[in-house]
There are 2 protein chains.
Amino acid sequence: MSAVSIKDVAALAGVSPGTVSNVLNRPEKVAGSTRDRVEAAIRELGFVRHGSASSLRAGHSRTIGLSVIDIGNPFFTDVAAGVEDVASDRGYAVLLGNSSGDRLKEQRNLLVFAEQRVRGVLITPSDDDLARLDRIKERGISVVFVDHPASRPDQCSVAVNDVTGGTLAVAHLLELGAERIAYVTGPGTIRQCADRRQGAGRALAAAGRDPGALQEVAMPSMTARSGQQAAEKLLSQGRLPDAIFCANDLLALGVLRGLMHAGVRVPQDVALIGYDDIDFASASAVTLSSVRQPTHRLGQVATELLLDECDNPETHAHQQIMFQPELVIRESTRLP
Amino acid sequence: MSAVSIKDVAALAGVSPGTVSNVLNRPEKVAGSTRDRVEAAIRELGFVRHGSASSLRAGHSRTIGLSVIDIGNPFFTDVAAGVEDVASDRGYAVLLGNSSGDRLKEQRNLLVFAEQRVRGVLITPSDDDLARLDRIKERGISVVFVDHPASRPDQCSVAVNDVTGGTLAVAHLLELGAERIAYVTGPGTIRQCADRRQGAGRALAAAGRDPGALQEVAMPSMTARSGQQAAEKLLSQGRLPDAIFCANDLLALGVLRGLMHAGVRVPQDVALIGYDDIDFASASAVTLSSVRQPTHRLGQVATELLLDECDNPETHAHQQIMFQPELVIRESTRLP
DNA sequence: TACTCGGACAAAAACGTTTTAACCACGTTA
DNA sequence: TAACGTGGTTAAAACGTTTTTGTCCGAGTA
């Protein structure tokens, strides 16, 4: 049993418990010689601080909560890795919550976070219901949005400009000479999908076309399976488009597979571009052009903002950071 | 601020704090009418228990630690999802630690877990150094191995029989009539790779062949990139094998891409099989045959074992559970 | 010499829960 | 009638830190 407490350390070092606490938390406040003695005692006894006791008294823990929509999506996995990176560096632990897009589960996760008195919460909200998050903030827990721009100036957020991304993708397709373009997307309620669609419209307008002239195929989920179904749908509708823009890479990989199955050549017959630039985009049989997001960075920066807000509440200025996406051209839009 | 404590609830309900604690933890010990009153007060005040105070006094938290080798690998992601599932169901929070295969990081994560006084730890150990884990167990923290059979009877583990898996894969290739088979694998120190190799040898022996007659290509990492390099290596060595067995799907996807690039047809020219059956295996241009592991289940069962060990220490019997893998045949080994 | 000042540490009170022992009223049993 | 449970509740003592206040001692100042 881990019976060794700060008192044991204090006794061994011949100081008071308060002094041990000081070397732990404000080493500069204690004289060098005593500090050495205490540190030696800590090592000798294998003391590790009791986080619960610490946060009970201090009023806050060294833990942050991360709530994502789908831990199975490589996009969120990359974000999580970025979060874990900097949190772990700063000695913070990460509490993981996976909502699976379910509001109830998200709610329950937030409750668990509240019980654990996390220092702050990183969340990719599954919808725009902010009242729920206000209840968290009333508890003095900071909240930072990830991959979702905050609509209010009283909180931080980190996102990537999806409108720009949509423009980049479709402008690229237009440059290839595409006349008829299809947009394979997820549910219309998803902000990312809508923003990317809007960006696509801008690219069309900039080329002197009708911004609405996009054949839209909306699927209920954004998985490879849905992508393949979308391809079948397109194939059954007679004349294929010249180019297809997919709202994420999973959809695009599915579309790619559906097309190849039908003997349609990519990019010779149809050009194809995805979104996210997940690792598998460059590993598919025909490597996938995509719109890259600084995913890992997203997680890192969000965590840094959160920890800054926690550690320097008075000087902290809320920021809504918007990254810019980047076009990645690979075989699926490169004519031989 | 979340100033509402158990005392406030007690005051409003007209009972003592101890009674509130009882309705929270042993509802059956308190009379129905008082219970109702207390629960009403809890709802009215929006009280949420202070986890730190609770675990400080109770001596244990409602938190478990999960340490994985690579959160970017879909295999581990699936495991994590399974863990999160049952932990969340039982009201436990999951602390995530990503070791990236780095022993130091793994060490640091375990320290953080110890500080948080987690109830137990789920870990896919990156090596067989058990002394480190003994230090954790001395602290009264239970440890369950995930995807790694425990070598000692004093702890639980959940794993999948990799020897069987290797046998399944190679027996299948032999049935297809393969004469010359290659094994593309990761570092030899990884137990999974070695076990799968051993299984492959058994299949060869069972077919009356030399168990060593396998062309081995060992790569430093088990990613798609490495797989592609492996394919290039095979291509440069002159005559290709009839069939290739890869130690995981990421490698296989890379090999597939490398072969297709060189105009080699799969499965007509070379049959290909991977391992893990990650989602992307069925989404690639040529769908990938693979050896399926009950990944999600692995995470679920491991968590159930851990929580059982924590909640019923006296009746708990340590178990080393070994699941059986399953062959999944897709296009990459299916002759037209 | 008397005084202040500041650095280094100690003592003790708090943080919000859980848990133990004590208590009380009220039937049941001898 | 007296002793004895018994179910329901309370009071109070923990749990291991952090933080505030206080004390001590020696150096610097007048």
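Every heavy atom of this structure was used, including side-chain atoms; hydrogens, water molecules and symmetry mates were not. If you're wondering where the values come from, they're calculated on a predicted model, not measured in any experiment.
No contact: S55(A) has no heavy atom under 4.0 Å from any strand. Residue R35(B) is out of contact with every strand shown, counting any heavy-atom pair closer than 4.0 Å. Across all strands shown, V15(A) has heavy atoms under 4.0 Å from sugar-phosphate atoms exclusively, and none from any base. Residue-level contact check: V30(B) touches the backbone only, with heavy atoms under 4.0 Å from sugar-phosphate atoms and none from bases. At the heavy-atom level, G32(A) lies nowhere under 4.0 Å from the strands shown. Residue contacts for S54(A): at a heavy-atom cut-off of 4.0 Å it reaches the sugar-phosphate backbone alone, with no base atom in range.
One finds no side-chain N or O of S5(B) lying less than 4.0 angstrom from the OP1 or OP2 phosphate oxygen of dG16(C). Contact annotation: N25(A) reaches the phosphate of dT18(D) (side-chain N/O to OP1 or OP2, under 4.0 Å). In terms of phosphate contacts, R26(B) brings no side-chain nitrogen or oxygen within less than 4.0 Å of OP1 or OP2 of dT18(C). Taking only side-chain nitrogens and oxygens, T34(A) comes nearer than 4.0 Å to OP1 or OP2 of dC9(C). For T19(A), no side-chain nitrogen or oxygen approaches OP1 or OP2 of dC9(C) to under 4.0 Å.
The residue among S33(B) and K7(A) whose nearest nucleotide of DNA chain D lies closer to the 5′ end is S33(B). With the nearest nucleotide of DNA chain D identified for both P17(B) and A53(A), P17(B) has the one nearer the 5' end.
Judged purely by atom type and a 3.5 angstrom limit, Q320(A) uses its side chain to pair as donor or acceptor with the backbone of Q155(A).
A salt bridge links R119(A) to D311(A): one of the charged nitrogens lies within less than 4.0 Å of a carboxylate oxygen. Checked for salt-bridge contact, D85(B) and R297(B) miss the test: no charged N lies under 4.0 Å from a carboxylate O.
With dT17(C), dT17(D), dG16(D) as the candidates, the nucleotide lying closest to the side chain of H50(B) is dT17(C).
Under the ring pair (Phe, Tyr, Trp, His ring centres under 6.0 Å) criterion, H316(A) pairs with H318(A), sequence neighbours left out.
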